[in-house]
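Atoms considered below: every heavy atom in the structure, side chains included; atoms not considered: hydrogens, waters and symmetry mates.
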Amino acid sequence: MRILVTNDDGIFSKGIIQLAKSMSRIGQVVVAAPDEERSAIGHAITLHKPLRIEPVKLPDVDVEAYSINGTPADCVKIGVDVIMKRKVDLVISGINRGPNLGTDVIYSGTVSAAIEGCILNIPSVAISLVSYKSDDFSYAGEVAVEVAQKLLEHGLPEGVLLNVNVPAVPKGEIKGIKVVRLGIRRYAETYIKRLDPRGKPYYWLTGEAIDATQEDMQLDTDIAAVNQNYVAITPIHLDLTFYSLMDTVTGWFKGQ
Ligand code: MN
């Protein structure tokens with residue numbers, strides 16, 4: 001089995017090194033990842049500058065690895081096409097430092113890499129550790145292997161990928177796996193206004209996610225699940241169409 005491993009935190013981040021190690025247990029791993037952090041880049045691809053593929057040696061793991069001066073989606077596209085010559089059985093992206101929950105999947109480079117795999121018709125997974133501080137990606141690595149094995153055993157319908165979030169608690173405190181829908185992640189954020197050295201104003205987005213409320217915790221969402229120490233798995237479909245409103249909107253334009 002040939003596995004393409006990528007991420008959005010950059011090729012030398014701890015999470016991807018753990019993921020490469022863990023996935024090596026079940027297949028031949030090729031790492032193709034951004035040369036620097038590209039978190040929150042979404043699904044951007046590079047059209048107006050050349051992409052370079054540099055072979056690199058990753059610490060602590062003996063796999064083929066390439067650093068690319070592009071986005072996570074670029075890395076999957078060029079990784080599948082050029083590096084792996086379209087022989088890829090699984091794309092797995094992560095292990096991200098920090099959660100990718102709810103509406104945040106829209107901004108996420110980690111999830112976008114898996115979406116790109118999905119667009120290319122390859123079974124794809126995004127996996128994140130719900131902590132910006134923890135350095136211990138080992139349990140999330142075990143989860144990655146388990147999810148990949150199940151996915152390859154059972155398959156997925158076209159246009160669907162799996163988004164996985166792993167709580168950053170000791171393995172013994174994990175309550176199990178929950179398959180849940182995406183929640184709505186709210187932020188207390190604000191643009192800080194400052195002046196640059198030439199006296200012109202600039203703005204910098206700052207803030208953090210608002211903790212889930214008691215009400216939020218009752219819902220069957222990824223946010224509630226990880227808060228209760230469950231591994232959250234959400235099947236994500238690429239089709240954003242809201243089918244149940246199509247007839248209504250058609251009605252708006254009747255008789256024109
Ligand atoms: Mn990231």
Side-chain angles (χ1 to χ4, degrees), residues 7-9 15 18-19 22 39-40 42-43 92-115 118 124-151 154 156-157 159-190 205-245:
N7 75 348
D8 75 357
D9 292 336
Q18 178 65 58
L19 188 59
S22 300
S39 292
H43 206 101
I92 186 158
S93 174
I95 302 165
N96 190 58
R97 180 185 291 276
N100 277 305
L101 295 163
T103 29
D104 282 355
V105 302
I106 299 286
Y107 303 102
S108 169
T110 304
V111 177
S112 292
I115 289 174
C118 195
S124 297
V125 178
I127 182 161
S128 306
L129 183 68
V130 186
S131 167
Y132 291 101
K133 290 180 192 135
S134 173
D135 266 344
D136 185 0
F137 291 90
S138 56
Y139 175 64
E142 288 177 37
V143 173
V145 168
E146 196 184 341
V147 170
Q149 282 174 323
K150 295 283 183 202
L151 167 55
H154 298 281
L156 281 175
V160 180
L161 61 121
L162 296 181
N163 185 41
V164 182
N165 281 275
V166 181
V169 298
K171 188 176 169 181
E173 289 174 32
I174 297 284
K175 290 205 197 119
I177 290 175
K178 264 194 182 176
V179 178
V180 281
R181 65 183 172 89
L182 296 177
I184 294 173
R185 200 133 143 94
R186 284 180 290 266
Y187 283 86
E189 51 184 14
T190 177
L205 184 60
T206 175
E208 49 190 49
I210 298 169
D211 286 342
T213 63
Q214 281 308 106
E215 262 174 18
D216 292 338
M217 295 291 276
Q218 305 304 313
L219 303 173
D220 208 17
T221 64
D222 53 356
I223 295 166
V226 296
N227 268 295
Q228 292 157 26
N229 287 352
Y230 286 93
V231 173
I233 302 182
T234 303
I236 292 181
H237 199 282
L238 295 192
D239 186 350
L240 298 178
T241 311
F242 190 56
Y243 288 92
S244 62
L245 205 67

Visitor: Measuring from atom CG of Asn163 to atom CG of Leu101, what distance do you get when rounded to the nearest 0.5 angstrom?
Guide: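 Here the interatomic distance stands at 7.5 Å.
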Visitor: So Leu161 and Leu238, side-chain contact (heavy atoms from CB on, under 4.5 Å) or not? Walk me through it.
Guide: CA-CA 8 Å; Leu161 61 121; Leu238 295 192; 3.9 Å; yes
Visitor: Let me confirm one number: the CD-CZ distance from Gln18 to Phe137, rounded to the nearest 0.5 Å.
Guide: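 Between atom CD of Gln18 and atom CZ of Phe137 there are 8.5 Å.
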Visitor: Roughly how far, to the nearest 0.5 Å, is the CD1 atom of Ile115 from the NE2 atom of His43?
Guide: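 CD1 of Ile115 is found 6.5 Å from NE2 of His43.
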Visitor: Could you tell me whether Asp211 atom CG has more than 12 heavy atoms of other residues or ligands within 6.0 Å of it?
Guide: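 It does not: Asp211 CG has 12 such atoms or fewer within range.
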Visitor: With a 4.5 Å cut-off on side-chain heavy atoms, are Val179 and Pro235 touching?
Guide: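 Answer yes - side chains close enough.
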Visitor: To the nearest 0.5 Å, tell me how far Arg181 CZ sits from Ile236 CD1.
Guide: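 Result: 13.5 Å between the selected atoms.
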Visitor: Would you compute the distance between atom CG of Leu219 and atom OG1 of Thr213 and round it to the nearest 0.5 angstrom?
Guide: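 Here the rounded value is 7.5 Å.
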Visitor: Looking at CD of Glu146 and OG of Ser22, how far apart are the two atoms once the value is rounded to the nearest 0.5 Å?
Guide: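 Those atoms lie 12.5 Å apart.
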Visitor: Hey, does the side chain of Thr110 reach the backbone of Ala126 with a donor-acceptor pair shorter than 3.5 angstrom?
Guide: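 Side chain of Thr110 to backbone of Ala126, a donor-acceptor pair under 3.5 Å: no, none is there.
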Visitor: Which atoms form the tightest heavy-atom contact between Asp136 and Leu129, and what is the distance?
Guide: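 The answer is O-CD2, 3.7 Å.
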Visitor: Quick one: which of Val231, Asn100, Ile92, Ile177 gives a side chain to side chain contact (heavy atoms under 4.5 Å, CB included) with Val164?
Guide: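 The passing option is Val231.
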Visitor: Can you see which heavy atom on Ala232 is nearest to which on Val180, and at what distance?
Guide: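 Scanning both residues completely, I find the closest heavy atoms to be CB-CG2, 3.9 Å.
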Visitor: Could you tell me whether the side chains of Asp9 and Ser39 share a donor-acceptor contact shorter than 3.5 Å?
Guide: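 There is such a pair (donor and acceptor under 3.5 Å, judged by atom type) between the side chains of Asp9 and Ser39.
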Visitor: With side-chain contact (heavy atoms from CB on, under 4.5 Å) as the criterion, how do Ile233 and Val147 come out once you've worked through the C-alpha distance, each side chain's angles and the decisive distance to 0.1 Å?
Guide: CA-CA 9 Å; Ile233 302 182; Val147 170; 3.9 Å; yes
Visitor: What are the two closest heavy atoms between Asn96 and Pro99, and how far apart are they?
Guide: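 Reported closest heavy-atom pair: ND2-O, 4.3 Å.
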Visitor: Identify all side-chain donor-acceptor contacts of residues 167-176 below 3.5 Å with residues at least two apart in sequence or on another chain.
Guide:
from: Lys171; atom 1: NZ; to: Glu142; atom 2: OE1; distance (Å): 2.9
from: Lys175; atom 1: NZ; to: Gln228; atom 2: O; distance (Å): 3.0

Visitor: Is a salt bridge present between Arg97 and Asp135, judged by a nitrogen-to-oxygen distance below 4.0 Å?
Guide: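 Salt bridge between Arg97 and Asp135, a charged N being under 4.0 Å from a carboxylate O: yes.
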Visitor: Can you list the residues that meet the side-chain hydrogen bond (donor to acceptor under 3.5 Å, both in side chains) rule with Thr190, with sequence neighbours excluded?
Guide: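 For Thr190 there are no side-chain hydrogen bond (donor to acceptor under 3.5 Å, both in side chains) partners, ignoring immediate neighbours.
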Visitor: Other residues, nucleotides and ligands only: do more than 12 of their heavy atoms fall within 6.0 Å of CD1 on Ile184?
Guide: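 Open: at most 12 neighbouring heavy atoms sit under 6.0 Å from CD1 of Ile184.
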Visitor: Which heavy atom of Ala114 sits nearest a heavy atom of Ser124, and at what distance?
Guide: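 It is O-CB, 3.2 Å.
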Visitor: Taking the side chain as every heavy atom from C-beta outward, state whether Tyr187 and Thr103 have any atom pair closer than 4.5 Å.
Guide: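 No; the side chains remain at least 4.5 Å from each other.
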Visitor: Check Leu19 against Ala144 and note the closest heavy-atom contact, atom names and distance.
Guide: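 Taking every non-hydrogen atom into account, CD1-CB, 3.6 Å.
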Visitor: Going by salt bridge (Lys or Arg N to Asp or Glu O under 4.0 Å), name the pairs with one or both residues in residues 216-242, residues two or more places apart or in two chains.
Guide: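 Found Arg186-Asp216.
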Visitor: Using only atom types and a distance under 3.5 Å, with no angle test, would you say the side chain of Ser131 pairs donor to acceptor with the backbone of Lys133?
Guide: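 Indeed, once roles are kept as given, a pair shorter than 3.5 Å links the two residues.
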